[in-house]
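A short worksheet on the structure shown next.
Below, chains carry the letters A, B, ... as their sequence lines are ordered, and counting in each starts from 1.
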Number of protein chains: 2
Amino acid sequence: MNIYDVSKRAGVSIATVSRVINNSEGVSEKTRKKVLDAIEELEYIPNALARGLGINSMKTIGIMCANASDIYLANAIYHLESSLRKFGYDCILCCTGYESDIREKYMTLLLSKQVDAVILVGSNYVEEDVAKQEYIHNAAKKVPIVLVNGQLEGENIYCSLADDYQAVFQLCTQLIQKGKKNLMFLYDSNSFSGKQKRQGYEDALKNYNLKPNQLFIPFDEDNIQKIKDFIVQEVREYPEAMICCEDAIAVASLKFATKVGLDVPNQLHIVGYNNSLIAKCCEPELTSIDNKVQEVCDSAIKMLMNVLEGNGNENIKVVPCFLKQRGTTDF
Amino acid sequence: MNIYDVSKRAGVSIATVSRVINNSEGVSEKTRKKVLDAIEELEYIPNALARGLGINSMKTIGIMCANASDIYLANAIYHLESSLRKFGYDCILCCTGYESDIREKYMTLLLSKQVDAVILVGSNYVEEDVAKQEYIHNAAKKVPIVLVNGQLEGENIYCSLADDYQAVFQLCTQLIQKGKKNLMFLYDSNSFSGKQKRQGYEDALKNYNLKPNQLFIPFDEDNIQKIKDFIVQEVREYPEAMICCEDAIAVASLKFATKVGLDVPNQLHIVGYNNSLIAKCCEPELTSIDNKVQEVCDSAIKMLMNVLEGNGNENIKVVPCFLKQRGTTDF
DNA sequence: TTGTATGCGTTATCAA
DNA sequence: TTGATAACGCATACAA
């Protein structure tokens with residue numbers, strides 16, 4: 001079933017059928033109707049591959065993320081997909097994990113499928129080792145690359161990210177001004193955004209000559225029980241506030257507080273990050289920094305669409321975060 | 001940059017280049033090396049579109065789900081993608097929402113992109129109104145259709161699902177045998193799996209001549225606070241156990257218990273569904289029915305691969321669930 | 001072992 | 001307003 005079958009059925013040439021399919025002008029109403037009828041009768045569906053081969057665009061965007069089951073990333077993917085759809089694009093999803101040579105293979109795969117652009121979701125795509133990002137720069141020679149929540153300079157590379165530095169800096173400053181002195185920072189990642197958060201924490205404390213107190217959590221967010229046990233074991237001197245780079249760590253911190261008998265929020269303030277569903281599942285519910293996934297994704301797509309339409313001017317967009325106060329703080 | 005450029009560079013014909021790319025035999029080592037070198041130097045990436053057009057397969061599977069940000073669906077998508085990847089397929093993701101005419105459009109879109117099969121994730125693709133499923137049967141005439149957690153009879157339609165009926169039936173039977181009489185069932189969906197769960201509940205109670213006590217929750221799982229308020233308002237006579245069709249509803253039930261002063265698990269047992277991350281976030285942690293997403297997804301892909309390779313024999317696979325006991329029950 | 005020529009299903013250019 | 005035909009980049013049957 002192809003355009004020839006339709007053309008025969010309608011008694012016109014394939015060029016005319018193509019014109020009707022693409023809503024080109026210069027087709028008489030009568031002919032158009034004949035063609036549309038034939039399409040209907042034959043239940044003809046155009047072959048997007050052949051079309052893509054001709055016009056050299058599949059109207060498809062590649063999306064790479066480390067792990068699509070992560071709550072934050074899943075949300076991002078959802079918003080990206082919806083937003084792309086509005087512009088007539090759909091997406092090929094790749095869960096790449098964290099190894100850069102594997103990521104490079106996925107990138108090649110996407111390019112071979114002639115995607116119009118590639119979106120890298122999550123700040124873990126920004127690596128310490130610059131050599132591990134070479135594949136990104138290479139890909140950018142062929143199609144626009146968009147980083148969601150990462151920052152990377154380069155020709156044809158675009159970034160949309162939350163202002164994690166400011167968010168943590170402001171939060172800590174506020175807590176200090178309310179009289180809290182011993183602020184603890186708990187983190188599980190040295191990704192780009194992880195470092196931004198940490199820097200915000202450190203700078204805020206430095207402003208008040210306070211000593212930083214940081215704890216690296218060597219488990220992933222699914223292991224709330226393990227994280228809790230780890231905190232119980234590591235934290236002997238109780239802080240006045242625990243700033244966590246993930247809601248899951250904040251939940252574990254809350255369990256730690258319960259375990260050691262600290263009253264939250266009176267004796268201990270706890271702040272999570274992402275303002276995800278799990279922030280609303282504990283008791284008291286988590287105060288959490290909302291890093292505005294949807295806004296970040298929307299502006300990523302907006303930037304990308306500008307580029308694809310040739311109006312590319314900006315190449316970075318920073319979205320402010322928002323502190324959602326709930327029961328684990330009181331200030 | 002195409003196969004002709006490579007052939008010129010290597011001083012061979014395009015047929016030979018094609019053979020090298022596809023690892024076909026009958027190419028001398030010397031020639032093969034020449035070609036590989038040329039590919040390397042030119043940084044040539046084959047065009048999968050052109051290839052797909054010729055052999056009529058893009059090695060791509062379409063995945064449709066209502067909402068990729070839902071924890072359960074996000075997990076399923078993650079496992080499906082990983083599993084497909086192992087077989088050399090990648091996937092186009094479509095978040096379709098719940099309206100069947102929009103879903104039909106997505107299906108057409110996927111077919112136009114020449115996907116090799118379509119996977120429908122989530123039991124909401126099985127509709128009350130059979131007419132709303134016609135587009136699935138039509139699509140099945142062209143490519144295999146796989147339902148994940150849904151059941152639908154039809155030519156070229158395959159199903160992999162969790163045994164939700166048995167899971168709830170067994171759980172309720174067990175609770176009754178432990179002396180619980182007033183079991184309450186809370187649900188928010190009349191999807192296929194929703195009905196299976198409900199039927200399991202009703203049948204278990206019927207076996208012991210107990211009167212069912214069901215509450216429909218008219219909010220989605222993000223609104224834990226609203227769900228809790230609704231439960232507080234609706235439930236006057238306190239049950240001995242609350243069986244919930246979603247972990248989020250179970251979390252809300254736990255908050256309800258706290259609010260009205262019921263001790264969990266001594267006065268009230270609570271059981272969630274999905275055994276998701278949020279089950280571990282509350283205190284006490286949720287007992288939850290694990291519906292084995294990964295197994296369900298893996299067997300879906302296994303079935304599909306058999307079909308695509310022409311060994312299609314089975315067309316349905318039912319995976320047993322597993323009760324993960326935690327702090328909200330004690331039996 | 002290698003090369004030539006054709007087809008895959010479109011779009012687009014040009015001519016009618 | 002319509003039609004014939006050449007691309008698009010590759011795989012493959014067939015010939016050499």
Does B:R32 reach the side chain of B:N23, with side-chain heavy atoms less than 4.5 Å apart?
yes
Contact check, side chains of B:T16 and B:S7, non-hydrogen atoms, under 4.5 Å:
no
Whole-Å distance separating the CG atom of B:D5 from the C1' atom of D:dC10
13 Å
Between atom CZ in B:R32 and atom P in C:dT1, what is the gap in whole Å?
10 Å
Measure from NZ on B:K33 to P on C:dT1 and round the result to the nearest Å.
18 Å
Reading nucleotides 9-16 of chain C from the 5' end, what letters show protein touch, with B for base, S for backbone sugar-phosphate only, - for no heavy atom under 4.0 Å?
BBBB----
Is it true that A:K195 and A:E128 have a side-chain N and a carboxylate O under 4.0 angstrom from each other?
yes
Return yes if a side-chain donor-acceptor contact under 3.5 Å exists between B:T60 and A:K113, otherwise no.
yes
Closer than 4.0 Å, any side-chain N/O of A:S28 to the OP1 or OP2 of D:dT2?
yes
Does B:R103 make a cation-pi contact with B:Y125, if we ask for NZ or CZ under 6.0 Å from the ring centre and within 45° of the axis?
yes
Does the side chain of A:S24 come under 3.5 Å of the side chain of A:N22 through a donor N or O and an acceptor N or O?
no
